[in-house]
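Note sheet for the following structure.
This structure is a prediction, so every number in the text was calculated from the model and none was measured. So you know, we letter chains A, B, ... as the sequences are listed, proteins then strands, and number each from 1.
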Amino acid sequence: MKILVCISKTPDTTSKIAFGDNNTKFVTDGVQFIINPYDEWYALVRALELKEAAPETILHLVNVGNADSDPIIRKALALGGDEAIRVNTDNADSFYIASQIASVAKEGGYDLIFTGKETIDYNGSSIGGMVAEILDLPYISHAIKFDTDGTNATVVREIDGGEETDKAALPLVVSCQKGMAEQRIPNMKGIMGARTKPLKVLEPIAADSYTSIASFDLPPAKAGVKLVSADNPEELVRLLHEEAKAF
Amino acid sequence: MVLVFIDQQDGHIKKSSFEAASYAAEVAKITGTNAEAILLGNVNDNLASLGNYGIAKVHTVADASLNNFDAQVFAKIIAQAAENADVVVFSNNTTGKAIAPRLSVRLKAGLVSGAVALPNLTNGFTVTKTVFSGKAFANINVTTTKKIIALNPNSFSLITTGGIAEVVPFAATIDGAKVQVISTDLVKGEVPLGEADIVVSGGRGLKGPENWGMITDLAKLLGAATACSRPVADINWRPHHEHVGQTGLAIAPNLYIAVGISGAIQHLAGVNRSKTIVVINKDPEAPFFKAADYGIVGDAFEVMPKIIEAVRKIKEN
Ligand SMILES: Cc1cc2nc3c(=O)[nH]c(=O)nc-3n(C[C@H](O)[C@H](O)[C@H](O)COP(=O)(O)OP(=O)(O)OC[C@H]3O[C@@H](n4cnc5c(N)ncnc54)[C@H](O)[C@@H]3O)c2cc1C
Ligand SMILES: Nc1ncnc2c1ncn2[C@@H]1O[C@H](COP(=O)(O)O)[C@@H](O)[C@H]1O
């Protein structure tokens, strides 16, 4: 079995969000970049587990991004995986990125493509579905459990207000979220080993972009909290009912 | 024409789809066209009533095979119905997130997912969406001829018009599904968290699952959904689908009541779009108070029973 895991680079979850150049650019000064948590904790770790259960499995990672992605790609390789591919571009349009991943996937003939459910910066939830459509493969989104015998897969996915169990044959594209696996910390052996694993850099294929970011806005600041004494919770309920009209 | 995909579960239209319908009708209004809807599978609801949300025509494909959800099959049918559409609208729920990206590729139509406002037409076609887990907004310029918008639940108010929609069957080519749904397990009798108007949420401050009565009792009284912080789900005090935040569900209810939750930045990322936030925490320094509209610095075990009593009184009157 051949698995491809899509890895994106996102700002650390505690990053200060600020914009410059007339609100057109995310200010990256002092921001630490990490592997998108859904890609790392769920997609990659579940793929590693599948490889551990079936050691002949080939596991590749793909990132679409410029050389700034290399540290997070090495970190992903430290967790596991045989090699990584980076498609060298700054273009951040979802369709453009999906076209690059689909091209890599087609070339490599993967049985299984894992993505995270969304990137925590762009919140697009769209790359997985786009890759599946470009490759004309079935797509199961929001997976919380995944099992395969190498031919067929059983997937539990989140749906609005519950869960659904699906069956599908490979090849398949799956977007992963909490439940798939548990976060792992890379060990020293992994970190040392990652240095010598292949990281192939490919130039992008020609593809269209469908969207661009015109500008950013920060939400308006809150007016400040109205505190009610702990001796008088009834007053809080009154305020919620009469002032906020919240129920 | 603006086409909206109406999503159903167990034969009933989801609340978020009514919001998407109202939104589609407004998009049609500002672009000088009509709003139509497409609905797949067997539905029990009265579909002409979608007219009340500004929909002129509802196209239905009442084929039993479509009660099995496969995003690939759905996208292909919607693409057929969207042949004359300028804009296609989805709710950005789990169904919309599975179909909309596929349709984007099929129609060569730029997709904005997580939209929170109507398109701005002053300079091309720009749609505001949430980014950085609700910590900011991005204005996305869509440069393709056709456009797709996936609207965040609870971010557009229903607009009722009193209209009645024409309901017509749509003859579609339907592919065989490659994804077979074996079973669905819906949390029965509870309000789905993603669509809930009010959410009552508990954190590690509640000490243990045996103390969740105060959360569920208040939720029941308010007709609210229940939620929790991540550690609470991780240690199995509560089911994982209740986990909200950066790595859980992102919600935007009218009222979010957080009890015994510190308000870590990753938690706030999932709830900061709530209209009114209430925080009950015994630590006055808890970061959550900075994001709150109302708060009580106090012990949840003392405060919550009184709150429940006071709400009960109002509800009984
Ligand atoms: C990458 C990453 C992603 C994460 N994603 C998420 C996420 O999606 N969602 C999420 O929630 N967290 C997430 N976290 C974890 C987050 O950082 C916090 O650790 C977590 O939210 C804390 O949960 P808590 O507030 O329930 O617990 P605690 O931080 O332990 O806070 C408990 C609070 O209860 C109060 N308290 C105690 N006793 C009482 C009492 N008797 N009455 C009233 N108040 C009381 C305390 O003052 C305290 O403020 C993430 C962390 C990381 C690193
Ligand atoms: N630049 C990228 N390179 C590789 N994978 C990506 C990239 N952007 C997004 N992905 C994958 O697609 C998923 C969904 O991203 P998005 O649609 O942007 O929310 C992520 O969790 C990643 O697995």
Original post:
Tell me, side chain or backbone of B:Asn141 under 4.5 Å from chain A's heavy atoms, or both, or neither?
Top reply: both

**OP:** Name the option with the most non-hydrogen atom pairs under 4.5 Å to chain B; the candidates are A:Asp231, A:Ile120, A:Ile213.
**Re:** A:Ile120

**OP:** Specify which of A:Ser212, A:Gly116, A:Ala214, A:Gly162 makes the most heavy-atom pairs with chain B at under 4.5 Å.
**Re:** A:Ser212

Original post:
Side chain, backbone, both or neither: which part of A:Thr211 has an atom under 4.5 Å from a heavy atom of chain B?
Top reply: both

**OP:** Please look at B:Lys14 and chain A and tell me whether the side chain, the backbone, both or neither of the residue comes under 4.5 angstrom of a heavy atom of that chain.
**Re:** side chain

**OP:** Specify which of A:Pro233, A:Ser229, A:Ser94 makes the most heavy-atom pairs with chain B at under 4.5 Å.
**Re:** A:Pro233

Original post:
Should we count CD of A:Glu182 as having more than 12 external heavy atoms under 6.0 Å?
Top reply: no

Subject >> Partner chain B: residue of A:Asp160, A:Ile140, A:Thr10 with the largest heavy-atom pair count (under 4.5 Å) >> reply: A:Asp160

Original post:
Can you tell if the side chain of A:Asn123 reaches within under 4.5 Å of the side chain of B:Ser133, non-hydrogen atoms only?
Top reply: yes

Subject >> Any A:Ser15 side-chain heavy atom under 4.5 Å of B:Phe132 side chain >> reply: no

Subject >> Backbone N/O of A:Gly124 and side chain of B:Ser113: donor-acceptor pair under 3.5 Å >> reply: yes

Original post:
Non-hydrogen atoms of chain B under 4.5 Å away: do they reach the side chain of A:Ser175, the backbone, both or neither?
Top reply: neither

Original post:
Taking C-beta and beyond as the side chain, do B:His241 and A:Ile144 meet within less than 4.5 Å on heavy atoms?
Top reply: no

Subject >> Heavy-atom side-chain contact between A:Met130 and B:Leu111 under 4.5 Å >> reply: yes

Original post:
Side chain, backbone, both or neither: which part of B:Asn93 has a heavy atom under 4.5 Å from chain A?
Top reply: both

Original post:
Would a 4.5 Å heavy-atom cut-off, applied to side chains only, mark B:Val311 and A:Phe247 as touching?
Top reply: yes

Original post:
Do you know the tightest heavy-atom contact between A:Ala230 and B:Val297?
Top reply: CB-O, 3.5 Å

Subject >> Verdict with supporting geometry, A:Glu243 and B:Tyr294, side-chain contact (heavy atoms from CB on, under 4.5 Å) >> reply: CA-CA 11 Å; A:Glu243 184 178 89; B:Tyr294 296 94; 2.4 Å; yes

Original post:
In terms of heavy-atom pairs under 4.5 Å with chain A, which of B:His243, B:Lys290, B:Lys76 leads?
Top reply: B:His243

Original post:
Which atoms of A:Lys222 come close to chain B, meaning under 4.5 Å heavy atom to heavy atom: side chain ones, backbone ones, both, or neither?
Top reply: side chain

Original post:
In this structure, are over 12 heavy atoms from other groups packed under 6.0 Å from A:Glu235 atom CD?
Top reply: yes

Original post:
So, for B:Pro101 and A:Ser126, which heavy atoms are closest and what is the spacing to 0.1 Å?
Top reply: CB-O, 3.2 Å

**OP:** Search all heavy atoms of A:Ala246 against all heavy atoms of B:Leu255 and return the closest pair with its distance.
**Re:** CB-CD2, 3.8 Å

Original post:
Any cation-pi pair here, B:Lys129 with A:Tyr122, using under 6.0 Å and within 45°?
Top reply: yes

**OP:** Go through B:Arg106 and A:Glu133 one step at a time and tell me if the salt bridge (charged side-chain N to carboxylate O under 4.0 Å, His left out) criterion holds.
**Re:** CA-CA 7 Å; B:Arg106 250 185 192 276; A:Glu133 187 66 30; 2.9 Å; yes

Subject >> Main-chain N/O of B:Gln266 paired to A:Thr13 side chain as donor or acceptor, under 3.5 Å >> reply: no

Original post:
How many angstroms lie between OG1 in B:Thr145 and OH in A:Tyr210, if you round to the nearest 0.5 Å?
Top reply: 10.5 Å

Original post:
Which bit of A:Pro37 is near chain B, if near means a heavy-atom gap under 4.5 Å: side chain, backbone, both or neither?
Top reply: side chain

Original post:
Using non-hydrogen atoms only, which part of A:Ala244 is less than 4.5 Å away from chain B: side chain, backbone, both, or neither?
Top reply: both

Subject >> Working for side-chain hydrogen bond (donor to acceptor under 3.5 Å, both in side chains), residues B:Thr184 and A:Glu164 >> reply: CA-CA 4 Å; B:Thr184 53; A:Glu164 171 187 287; over 6 Å; no

Subject >> Full working for side-chain contact (heavy atoms from CB on, under 4.5 Å) between B:Gln9 and A:Ile159 >> reply: CA-CA 10 Å; B:Gln9 198 151 48; A:Ile159 56 173; 3.5 Å; yes

Subject >> Intermediate values then yes/no, side-chain contact (heavy atoms from CB on, under 4.5 Å), B:Ile182 and A:Asp166 >> reply: CA-CA 5 Å; B:Ile182 306 302; A:Asp166 296 343; 5.9 Å; no

Original post:
Is any side-chain heavy atom of A:Arg157 closer than 4.5 Å to a side-chain heavy atom of B:Phe69?
Top reply: yes

**OP:** Counting only heavy atoms closer than 4.5 Å, note whether A:Leu236 contacts chain B via side chain, backbone, both or neither.
**Re:** side chain

Subject >> Nearest-0.5 Å distance, CG of residue B:Leu249 to CD of residue A:Gln177 >> reply: 8.5 Å

**OP:** With a 4.5 angstrom heavy-atom cut-off, could you sort out which part of A:Ile17 is near chain B: side chain, backbone, both or neither?
**Re:** side chain

**OP:** Apply the test side-chain contact (heavy atoms from CB on, under 4.5 Å) to residues A:Tyr38 and B:Thr247: give CA-CA distance (whole Å), side-chain angles for both, the deciding distance (0.1 Å), then the verdict.
**Re:** CA-CA 7 Å; A:Tyr38 294 106; B:Thr247 46; 4.2 Å; yes

Original post:
Are there more than 12 heavy atoms of other residues, nucleotides or ligands under 6.0 Å from atom CD of A:Glu242?
Top reply: yes

Original post:
Any side-chain heavy atom of B:Thr276 within less than 4.5 Å of one from A:Leu240?
Top reply: yes

Original post:
Hey, is the main chain of B:Val131 close enough, under 3.5 Å, to the side chain of A:Asp121 for a donor-acceptor pair?
Top reply: no

Subject >> Closest contact, heavy atoms only, A:Gly161 versus B:Pro192 >> reply: CA-CB, 4.0 Å

Original post:
Taking atom CG of A:Asn22 as the centre, does the number of heavy atoms from other residues, nucleotides or ligands within less than 6.0 Å exceed 12?
Top reply: no

Subject >> Nearest-0.5 Å distance that lies between atom CZ in B:Arg102 and atom OH in A:Tyr139 >> reply: 9.0 Å

Original post:
Are there more than 12 heavy atoms of other residues, nucleotides or ligands under 6.0 Å from atom NZ of B:Lys315?
Top reply: yes

Original post:
Checking heavy atoms, do the side chain of B:Ala291, its backbone, both or neither come under 4.5 Å from chain A?
Top reply: backbone

Original post:
Do the side chain of B:Asp293 and the main chain of A:Val225 share a donor and acceptor less than 3.5 angstrom apart?
Top reply: no

Original post:
Side-chain contact, heavy-atom cut-off 4.5 Å: B:Val181 with A:Lys167?
Top reply: no

Original post:
Side chain, backbone, both or neither: which part of A:Ser215 has an atom under 4.5 Å from a heavy atom of chain B?
Top reply: both

Original post:
Of the backbone (N, CA, C, O) and the side chain (C-beta and beyond), which part of B:Val127 lies under 4.5 Å from a heavy atom of chain A, both, or neither?
Top reply: neither

Original post:
Do A:Lys178 and B:His240 have a side chain donor and acceptor closer than 3.5 Å?
Top reply: no

Subject >> Inter-residue atom distance B:Ile314.CD1 - A:His241.NE2, 0.5 Å rounding >> reply: 4.5 Å

Subject >> Partner chain B: residue of A:Gly129, A:Ala221, A:Ala223, A:Pro11 with the largest heavy-atom pair count (under 4.5 Å) >> reply: A:Gly129

Original post:
Considering only heavy atoms, which portion of A:Asp136 lies under 4.5 Å from any heavy atom of chain B: side chain, backbone, both, or neither?
Top reply: both

Original post:
Which residue out of A:Leu239, A:Ile134, A:Leu137 racks up the most heavy-atom pairs below 4.5 Å with chain B?
Top reply: A:Leu137

Original post:
Will you find, in the side chains of B:Thr94 and A:Glu158, an N or O donor that is under 3.5 Å from an N or O acceptor?
Top reply: no

